[in-house]
Chemist: 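My questions all concern the structure below.
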There are 2 protein chains.
Amino acid sequence: MPRPKFSDDLRAQKREQILDAAMAVFEKEGGEEALSFRRLATELGLSYSAPYRYFVDKQELVNALRARAFRWIEAEMRGAIVGLSEPEKQLESLAAAYIRSGMAHPHRYALMFFALDQLEVARRSIELKAAKRDALDVCTQVIAAGQARGNFPLDIDPLTASHLFWIGAHGLVSLQVAGQFVMGCDVKMLVPTLIHALRTGLEHADTSAKVPSKEKRHG
Amino acid sequence: MPRPKFSDDLRAQKREQILDAAMAVFEKEGGEEALSFRRLATELGLSYSAPYRYFVDKQELVNALRARAFRWIEAEMRGAIVGLSEPEKQLESLAAAYIRSGMAHPHRYALMFFALDQLEVARRSIELKAAKRDALDVCTQVIAAGQARGNFPLDIDPLTASHLFWIGAHGLVSLQVAGQFVMGCDVKMLVPTLIHALRTGLEHADTSAKVPSKEKRHG
DNA sequence: ATCATTAACATAACAGCGTCAACAAAAGTC
DNA sequence: GACTTTTGTTGACGCTGTTATGTTAATGAT
């Protein structure tokens, strides 16, 4: 069997290198022409078909990029809670960091969520799934710790509660990034109000269903 | 000037007809190949370039479809508040209807928001902007009426408050539609908890900024 | 050192896309 | 009927993702 040596390491290294370039291109021209496989290759000084040696698909490359973006926002959240001891403060700072980071890097944030046609393929990436869960865990752990210390009520499980925060933060960021806010809305007031509402909602968590159920829910 | 007559009416009529077919195709195969202009034309029995007589762009067609989707969800919300007199009930029913409708028609909902590369163009469509505002107004008016009756506090303006609800509902629906929820999360509990949290947050609206501002905010 | 094998890369080609220009037909006005 | 405008078809361009085929270089075995 000729030519095995360190090829696995070299391959992974080159993969990272391609991903670096891809992320750079994506952040610069971000989404306008949405990262062409061919352009990316030529930008790297390679032929247009070269990246196929490292990624079976364009989707696989995009998913790897997506996972990177999740790792990045996870790091942002982790950085926001260092030095804070109160769970309430941690939760607020974490949510604020998520929102701030997403707003500051709209293309990267959009990469994480906006992709109608690639969802089926994205669902199959375990690398992406792990990155997502790890990012959310930052919030989940803060809530669990807060419950253990008696700061938060126990009648909601931490994973569900962290989803609640994710919903709020994601809703705000994605609407803002997509430029959906209606003129006349006081956006500056939105962030603190939302965070306050979520924390208040968590602390007065009412887990008894109060929503009218005309239809069966989809889950 | 030969041939002016009712051509304007006929044009609009044909436009609607094309949009009908486009919406049908989009809902059926939804996004997988994301609505090809050529396919749509041939599906209509026309040549691949025919729709260019009625839409200057693919973007214009997609934006018209988007506006339709907003009109649809507006109707769903309006239908959810008829017969209810209490503003709190109206608000809950409205939010629940929004969430339920979005979940029941993921492709249509995705069409409303998920489109990274078309955002710039979407921003320029006044038809879409009007549809969006009208949809949000359902919520804004309920809140304003509730404030007038003394059910809701006055220290937040109705438009901002309705955005808060929109943020929560959109965050929930879009994450669910995109299949982003982490395994183990109790989705069924999420809807009533979120709605409760938002209403609680609105009623105890704390408009004084409590969020750490390491960076200047973007808006 | 030579040869075979295999990886990396380049090139060509295919089908599909959005878009526009050029052209045929039809339908209205005069 | 002649003229003009609208509607529709066809061909073409440049782009895309992807695959197949060919080329080059490096390695292991001999």
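Computed from a predicted model, the values in this text were never measured in an experiment. Throughout, a chain's letter reflects where its sequence line sits, starting with A, and its residues are numbered from 1.
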Chemist: Roughly, in whole Å, what's the span from CZ in B:R39 to P in C:dG18?
Modeler: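 About 11 Å, once rounded to whole Å.
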Chemist: Roughly, in whole Å, what's the span from CZ in A:F55 to P in C:dA8?
Modeler: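 It is 13 Å, rounded to the nearest whole Å.
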Chemist: Hey, does the side chain of A:R11 come within less than 4.0 Å of C:dA8's phosphate (OP1/OP2), counting only N and O?
Modeler: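 Yes, within the criterion.
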Chemist: Do any side-chain nitrogens or oxygens of A:Y52 fall under 4.0 Å of OP1 or OP2 in C:dC9?
Modeler: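 Answer is no, no contact under 4.0 Å.
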Chemist: Between the base of C:dG18 and the side chain of B:R38, is there a donor-acceptor distance below 3.5 Å?
Modeler: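 Result: at least one qualifying N/O pair found.
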Chemist: Validate the cation-pi geometry between A:R38 and A:Y48: distance from NZ or CZ to the six-membered ring centre under 6.0 Å, angle to the ring axis within 45°.
Modeler: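 Verdict for A:Y48: a cation-pi partner in A:R38.
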Chemist: Indicate whether OP1 or OP2 belonging to C:dA7 is found under 4.0 Å from a side-chain N or O atom of A:K14.
Modeler: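 For A:K14, the contact criterion (side-chain N or O under 4.0 Å from OP1 or OP2 of C:dA7) is not met.
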Chemist: If you pin B:S47 and A:V56 to their nearest nucleotides in DNA chain D, which one's is more 5'?
Modeler: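 Comparing both residues, the 5'-ward one is B:S47.
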Chemist: What is the separation between atom CD1 on A:I18 and atom P on C:dA8, rounded to the nearest whole Å?
Modeler: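 Value for this atom pair: 11 Å.
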Chemist: Are A:L172 and B:L164 side-chain neighbours, meaning at least one heavy-atom pair lies under 4.5 Å?
Modeler: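 No, too far: nothing below the 4.5 Å cut-off.
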Chemist: Report yes if the distance between the aromatic ring centroids of B:Y52 and B:F37 is under 6.0 Å, otherwise no.
Modeler: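 So the answer is yes for these two rings.
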Chemist: In the structure I gave you, are the side-chain heavy atoms of B:I167 and A:F181 within less than 4.5 Å of one another anywhere?
Modeler: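 They are in side-chain contact.
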Chemist: As a test of reading the structure: which of D:dT9, C:dG18, C:dA8 is closest to the side chain of B:L46, going by heavy atoms?
Modeler: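 Closest nucleotide to the B:L46 side chain: D:dT9.
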Chemist: Using a cut-off of 4.0 Å on non-hydrogen atoms, how would the nucleic acid contact of B:Y54 be classed: base, sugar-phosphate, or nothing?
Modeler: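 If one applies the 4.0 Å heavy-atom cut-off, B:Y54 turns out to touch the sugar-phosphate alone, with no base involved.
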Chemist: Starting at CG of A:L44 and ending at C1' of C:dA10, how long is that distance when rounded to a whole Å?
Modeler: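 Taking atom C1' of C:dA10 as the reference, CG of A:L44 is at 15 Å.
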Chemist: Using only heavy-atom distances, decide whether a donor-acceptor pair under 3.5 angstrom links the side-chain of B:S49 to the base of C:dC20.
Modeler: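 Donor-acceptor pair under 3.5 Å: yes.
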Chemist: Considering only side-chain heavy atoms of B:R53, which listed nucleotide, D:dT7, C:dC9, C:dG18, is closest?
Modeler: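 Out of D:dT7, C:dC9, C:dG18, the nucleotide with an atom closest to B:R53's side chain is D:dT7.
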Chemist: What is the separation between atom CD on B:Q13 and atom P on D:dT6, rounded to the nearest whole Å?
Modeler: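 Atom-to-atom, B:Q13 to D:dT6, this comes out as 18 Å.
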Chemist: To the nearest angstrom, how far is A:Q17 atom CD from C:dA8 atom C1'?
Modeler: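 Value for this atom pair: 14 Å.
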Chemist: So for B:Y48 and D:dG11, does any side-chain atom that can act as donor or acceptor lie under 3.5 Å from a complementary atom in the base?
Modeler: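 A donor-acceptor contact between them is present.
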Chemist: Walk me through it: do B:R66 and B:E60 pass the test salt bridge (Lys or Arg N to Asp or Glu O under 4.0 Å)?
Modeler: CA-CA 10 Å; B:R66 247 196 264 275; B:E60 188 188 313; over 6 Å; no
Chemist: Grab the NZ-C1' distance between A:K58 and C:dG16 for me, whole Å please.
Modeler: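 Rounded to the whole Å, the gap is 14 Å.
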Chemist: Please tell me which of the listed nucleotides, C:dA22, D:dT18, C:dT19, lies nearest to the side chain of B:D57?
Modeler: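 Of the candidates, C:dT19 comes closest.
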Chemist: With a 4.0 Å limit, can you tell me whether B:S36 has a side-chain N or O closer than that to the phosphate oxygens OP1/OP2 of C:dC17?
Modeler: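 The answer is yes; a side-chain N or O of B:S36 sits under 4.0 Å from OP1 or OP2.
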Chemist: In whole angstrom, give the distance that lies between atom CG of B:L35 and atom P of C:dG16.
Modeler: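 Going from CG in B:L35 over to P in C:dG16 covers 17 Å.
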